[in-house]
Amino acid sequence: MPASRLWVVDVYGRVFSLSTAGQQWEQCRDAQMEFKRVTAAQQCCWGIACDNNVYLNVHASDLPIRYQEETYENQRWNPIGGFSDHLLPSDRWQWSDITGLKHQPLDSFELPSSSWEWEGDWYVDENFEGEPTEKEGWTYAIDFPAFYTKNKKMTSCVRRRRWLRYRRYKDMDTWAKIPSPQMETPDPFSDISCGGWEISEEPRGRLSLWAVSLLGKVWFRVGIYHHNPEGSMWEEVSVPGEVLQISCGPGDLVWAVLWEGQLIVRQGITRDCSKGTSWVEVESPSPDVGATHVAVGINTVWALTKDNKVWFRRGVDSHNPCGLGWISMVGEMITINVGLNDQVFAIGCEDRAVYFRQGVTTSELSGKTWKAISVPRDGDRSHSSASTNSLQSAGCFFSGEVRAQSVVSDVELDTEKVSTDGASCLVTSTSPESVVDAPTDNPDQPIETPKPRIPKVTSDSFISELISDREPAKTLREGGSAGPAVPEEEETLPSEGEVKALSALDAADTSSLSSVATYTLAMEDPYGTDEHPLWAWVSGGGCSVDSHSHLNWFNSVNTSSLVGSVQSMSLSVTSAQTAAWRQQIFEQLTERTKREMDNFKHYEQAIEQSVWVKKGTMQWWRDWKPYKWIDVHFALEQFSGPEGNKDGILFIYYNFYEEKKYLHAFVNELTILVPVLNESKHTFAIYTPERTKQRFPIRLAAATELEMHDWVCMDTSQHSQRKSFYYHRLALLSVSCWDIFVSEPSPALEAMPYPTPCDQMFWRQVGGHLRMVECNTVGIVWGIGYDHTAWVYTGGYGGGFFQGLASSTDNIYTQTDVKSVYIYENQRWNPLEGFTNRGLPTDRYMWSDASGLHECTKTNMKPPSTQWTWVSDWAIDYSVSGGTDKEGWQYAADFPVSYHGRKGKTDFVRRKRWKCKLTTTGPWQEIPPIALSDVTILPCTAQSNVDEVPLWAISNKGDVLCRLGVTALTPAGSSWLHVGTDQPFKSISIGAASQVWAIARDGSAFYRGSVSPQSPAGDCWYHIPSPSKQKLRQVSVGRTSVLTVDENGNLWYRQGVTPSYPQGSSWEHISNNVRKVSVGPLDQVWIIADKVQGSHSLSCGTVCHRLGVQPVEPKGILWDYGIGGGWDHITVRGNSMEPPRVRLPSLTDASAPAPRSPIPFRNMEVNSSAGDS
Amino acid sequence: MADDKDVLRDVWFGRIPTSFTLNQDEVTEREAEPYYLLLPRVSYLTLVTDKVKKHFLKVMRAEDVEEMWFEYEGTPLKWHYPIGVLFDLHASNTVLPWSITVHFKNFPDSDLLHCPSSSVVEAHFMSSIKEADALKHKSQVVNDMQKKDHKQLWMGLQNDKFDQFWAMNRKLMEYPTEEGGFRYIPFRIYQTMSDRPFIQRLFRPVSPEGNVHTLGDLMKEMDPAALPNDGEPKRYQVVIHGIEPLLETPLQWLSEHLSHPDNFLHICVIPTPTD
């Protein structure tokens, strides 16, 4: 989890923040002044200071905020002086923008504010559409506006060149004043709220910022984008009355409270109109008492009324932003705020503590209970008592132990109990009702707790009233849980000795729901009343938590004698502690096995091992034409030895023209068993070497998903020699349908001239879900998910797919990834009604998949497997190739035709997009916060564990990054170093000698000069022309070889690369139909091949190995085909196992052992008749 | 859910080398050789001793044979306790192989249950599983299973099929995440020096305050004498499957991983060996 932050302001205007990973409030030290309000997003925090100015605090990131300014210098040729800046009167400006319409000389560019600085001076761009230009960067044309080329011709009368300059936002992590011309905002702001980052697909940084002025006017900040975090100007938004407060959610919800107590809801907020169009009024939750405060999230609205009551709005979503009705919630709050994931934070009315709403989930947005956040401030005296420290380090489970430090919310403990017993959960420590609700179900409650400790008088009459009519024990607990009571206790603060005695007394009381903790607290907070944190404002917009987050915010001092054991008891204790007892058990079991069995292996087993036969029915993708699914019986016969090592045979019985036949496969020969995603069936493919050769695996469909997973697990555990199953060297990795597989290499794999044929490689699943993985020989493995999150491999195995049985416990983490599912809404035009969903009888379904062949409605779409859950509602997807109109429609003449974004003809189709999110577990740990699109690791050999390993990556915005601090021991590294580029990049690779190659988004190649251990980021980029007329897509660099793949699937080899001239001289074509290439540290070449003939869609993405690669023949000779079946990515960069030296026979023999024809098409006999029965 | 396969396999494949010797009082036609076997710790004596019976019957006359029973150093061995429990309770810290005496007459009716066939073991085993699930899930999981699922559990045990057994047993080890564990932990605490056969009471995996209960908490509540006092040498060992887990091991985890196939956590409290 990235360490996101919860922001608060205390009653003195000091700004604090609390990290989701942290345990103390950290004061924002650089705030020179007091703040009234703050509103946070994940990347920044806005605030209104006491000088009534708006300030922005952009959080520092390894990726700088840079903006590229550009201007064009235009020249015309004249016979006298050649090209000069003397232009014709009708020409464009000598310095202009790309269109020529706007005059922009170099000195007209100014920094937008004092928060920006120039990175350097202006320079000429010498790259033209992926091709390097002459030194001066001129491009030539016959006349302005015309087609430019980089070559000067006889007809070239005009030329232009592009000048570039970068500016960088420098005021990171400080409060920078937003310049506010008097004209824009006549009266000072009193409230501010940001949100709206989810209404469009813009990169993070786009925000909607709303503000309210003292006179009740509403303002909207225009133009806040990633490259312009400050926005450009304030625009007034007319409102039906005077607004008191406003709240903007991450999506399209914006609510405001009027002075009169009603609420208004902004309508018409869309992707194109983040400001919305109009307001709709909603009545106050309570007819007599007006609303004072509102807080909105994505699908949730909370409000407070003047009497501090809390209200939840029922039925709110983006289709119905107004919701249906108010529900009264428990608690008395003065401020409320909705953060990410609709999580709710509030500040208690009485105690001014920050409360977190526990149990808020998408299905239960109103949550369960309020829980006070209780952590010290960084300025507070450190709580050095041993118990405190140990307890905090124990990392209590979120829903478990709750001990408020300043506010002992013992009622929460009851709450826990109540909820486990299934009774009412709506119990809070702040609300008086809750006390009444909370059952005193523990008869041996601390009735004997010393009575003199009861705070007799409190500042709050309500509390004293409460105390007076409760039984003593209860009163005490209540006194403890209500904040204002604490100052009273300060007066009767017992001496140190007394407290100890008291603690001891309490320690004896093991039944302890006791609240004597309060007194210890009093002792531990030496600052007295005014130092007690009293909060005034909270903002959770930058705080990434959900109901499952593990937070350490609620720990505090626990005086009971159980403290010692509490820390080691919690199931969610840190892995080190887990390891302690688990390790001990495992070691003892191993020792026991040794003791009791090692000397007695010759003894007979009491239970004879017999054959276990599993029988059942499945569906089988028939081996002969016409291919279809047929019902088959299967039998899996397994024989296992005493140690559980197994062998088995899988039989599949089928009918062939009324004749009973079967095919079989030996379990030990199965090389890989892959789940194949299929909308309607739970299918998987079984490969054997023979089947791989035929490129026709056994495809089976199980009746249920669970059954399919059982099969996949079955196979995985067959091959795994237990305990040697840890992949210390993930050598060959492939990614298919998001699952990650590994094959452990043998020296023979790259042997010359007889390598192990690919089809005999065994593959195993690693667990997790990634789009790509990269590794190196010391075992550093990084992966990138479909949502561009970066992950590092932790060394474990297993996770979700193992169904909890076959995996290790250590190093398995929750992993999430996001995948988009698309369905299409189709309409046909008719003369009467225009476009309707009434199609012709021959038409496709009105709701369909992309092909139109399958009906897909919003309601009948299911997540691909139970590991997936939907995370968003259906939304229109505008980023469809071909473009769309404003409503997302794409038009075409008839259905299966290419679509375009503007209506011209008669028919149209529109697509809607649904995102779905996968939550699984795997041995991967997230590397926040920068999203990546590519990564590469130096494929080093023989290095010590502490040497830094160069790792380069490309962010999903195209920035080139260099990771610092990556070693075999710390594979995650420490921080990113940004490497400047003139354009966004998309692929990068580093070779064994630190040669870094990269591909820019325009398809041109770059070589990074002078990269060395001393200068890990190198010094400059050398532009390498791409193969003629080809745009490159991907690059991979091995020991010396440099290979690239272009957009058309061609594989290119860089000729002439020498140590003194690492850029090489030219590109040489190797092959086509290549999807991905990976060059290993031995210069071995492996690819994912496209369109290999074989069994339908399965063969798309086949693993292939280049044979005959050797120093004299670095391009190799021919391809050896491995497993097919939708593979997306391969990396061989972890395999540096030198092949055994064999005397080379003549080259003609070399091709004999693997008689395979070169890519792409191979004539092969797909078994068109019966299977291999 | 039980998710530590390494531990589960070690528990399942635990074996005790045993030598079976015919009781000297038995009438034999010729001298009976001892019989050596590796007994699965998680199984039951009468389930895995068919070979023993066959071996000794070869030297005996049919009319001298009554129901077979076992004895170790004078203690009749209760077949309805798992073998590992019998060994830990009576014979741990002794020299291996475990030397069991085989009897064919004078069945001690007061000490042992009769076990005429393996179906009795099956009934006992299944009733234990059902009892355990009543504690863990109010019997909901075991009642949702079909007859063949029950059979799979039993066959898994009978034929020593780890995967077959656990493919089904994992359902019995699930629990709602928000509850943090089973309703109650099915456990039995055996003491050598006690008259009671074992201690079995209701005990939750998580305290009302939300704290996770550990093995130490359980022992403190059920058998405080088994825990060492401060400063004193340890008098008792708390043994599960022949090992002594740390007292801070979470009970829920133990229940998921160190329970016997009958789904009970069998805990033996035995005196610390003096040597």
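Note: hydrogens, waters and symmetry copies are ignored here, and every other heavy atom, side chains too, is used. Reminder, nothing fancy here: chain letters follow the sequence lines and each chain counts from 1.
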Over all atoms of both residues, closest heavy-atom pair of [X] and [Y]:
X        : Y        : value
A:Arg592 : B:Asp10  : NH2-O, 2.9 Å
A:Glu596 : B:Phe87  : OE2-CE2, 3.7 Å
A:Gln584 : B:Leu246 : OE1-N, 3.4 Å
A:Leu589 : B:Ile243 : N-CG2, 3.8 Å

Exercise. A:Tyr603 vs B:Tyr36 aromatic rings, parallel, tilted or perpendicular, using cut-offs 30° and 60°?
Worked result: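 Tilted, since the angle between the ring planes falls between 30° and 60°.
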Taking side chain as everything from C-beta outward and backbone as N, CA, C, O, which of these in [X] sits under 4.5 Å from a heavy atom of chain A? Side chain, backbone, both or neither.
X        : result
B:Leu254 : side chain
B:Pro205 : neither
B:Val11  : both
B:Gln158 : backbone
B:Thr49  : neither
B:Leu157 : backbone

Exercise. Between B:Arg41, B:Met155, B:His241, which shows the greatest number of heavy-atom pairs under 4.5 Å with chain A?
Worked result: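 Of the options given, most contacts go to B:Arg41.
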Exercise. Quick check: are there more than 12 heavy atoms from other residues, nucleotides or ligands sitting under 6.0 Å from NZ of B:Lys234?
Worked result: yes
Exercise. So with a 6.0 Å cut-off around CD of A:Glu364, is the heavy-atom count from everything else above 12?
Worked result: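 Check passes, neighbour count above 12.
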Exercise. Just wondering, do A:Asn599 and B:Leu96 contact through their side chains at under 4.5 Å, heavy atoms?
Worked result: no
Exercise. So do B:His257 and A:Arg582 actually touch side chain to side chain, heavy atoms under 4.5 Å?
Worked result: no
Problem set entry | Interatomic distance, A:Glu604 atom CD to B:Thr18 atom OG1 [nearest 0.5 angstrom] | 12.0 Å
For this session: Look up atom OG1 in B:Thr214 and atom CH2 in A:Trp581, then write down how far apart they are to the nearest 0.5 Å.
Result: 11.0 Å
Problem set entry | Side-chain donor/acceptor of B:Arg15 to backbone N/O of A:Gln605, under 3.5 Å |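 Checking the backbone N and O of A:Gln605 against the side chain of B:Arg15, no donor-acceptor pair under 3.5 Å is found.
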